[in-house]
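The structure appears right after this line, and notes come after that.
Index from 1, following the sequence. Hydrogens, waters and symmetry mates play no part in the numbers below; they use all other heavy atoms, side chains included.
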Amino acid sequence: MKGKFLMVVALGIGVSTFSLPLFAHHGTAAFDTKNIVTVKGKMTDFRFINPHVQLFFDAKNDKGEVEKWQAELTAPNKMTRAGWDKRTLKPGDSITASGYVDKGDGHTMWLTKLIGPDGEDLQLRED
């Protein structure tokens, strides 16, 4: 009986130890955190959803061509505490987004600063 109990405890500890990385959050690992890029554009969609608030906008590159961009923020509950709601941004709003660009596609960013349509900085973190 004692041997089975010890084996179950050891198995539980082993499974827990090896499964912990599955519960880890990815954070900014997919982004180039050494360089900040700034892009001006017009909002096309705003999704105030879990697990991350998402902004979609069009921006013109140096050649005048329209590029589709996506930007991520933290969870909606944290953004709510920073003063945001599902009506903070809307399609057609002009924004200036600064952040870390995705290492893979180059048109996705993790926002570090956002200037809204009124020209004011939008708070990205709760106080």
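- Considering CZ of Arg47 and CD of Gln54, their distance stands at 6.0 Å, rounded to 0.5 Å.
- Counting all heavy atoms, side chain and backbone alike, Thr74 lies closest to Lys78 at OG1-CD, 3.5 Å.
- Considering OH of Tyr100 and OG1 of Thr33, their distance stands at 6.0 Å, rounded to 0.5 Å.
- Scored by the side chain to side chain donor-acceptor pair (under 3.5 Å) test, Asn77 finds no partners at all (sequence neighbours excluded).
- Between atom CD of residue Gln123 and atom NZ of residue Lys113 there is a gap of 14.0 Å, rounded to the nearest 0.5 Å.
- Within the hydrophobic cluster formed by Ile, Leu, Val, Met, Phe, Trp and Tyr side chains joined at under 4.5 Å, directly or through other members, Val101 is accompanied by Val37, Val39, Met43, Phe46, Phe48, Val53, Leu55, Phe57, Trp69, Leu73, Met79, Trp84, Leu89, Ile95, Met109, Leu111, Leu114, Leu122, Leu124.
- Within the structure, every pair that satisfies the salt bridge (charged side-chain N to carboxylate O under 4.0 Å, His left out) test and touches residues 48-67, not counting sequence neighbours, is listed here: Asp58-Lys68.
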### Task
Could you please spell out the steps behind the salt bridge (charged side-chain N to carboxylate O under 4.0 Å, His left out) verdict for Lys34 and Asp32?
CA-CA 6 Å; Lys34 292 183 177 142; Asp32 176 7; over 6 Å; no
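- At least one donor-acceptor pair under 3.5 Å links the side chain of Thr112 to the backbone N or O of Ser98.
- With sequence neighbours left out, Thr88 forms a side chain to side chain donor-acceptor pair (under 3.5 Å) with no residue at all.
- Through ILVMFWY side-chain contacts below 4.5 Å, Phe56 is grouped with nothing and stands alone.
- Checked against side chain to side chain donor-acceptor pair (under 3.5 Å), Asp102 has no partners two or more places apart in sequence or in another chain.
- When every heavy atom of Pro51 is checked against every heavy atom of Pro76, the shortest pair comes out as O-CD, 4.3 Å.
- Closest non-hydrogen pair, Ala82 versus Glu126, comes out as CB-N, 3.8 Å.
- Lys40 and Thr96 are not linked by any side-chain donor-acceptor pair at a separation below 3.5 angstrom, with hydrogens and angles left out of the test.
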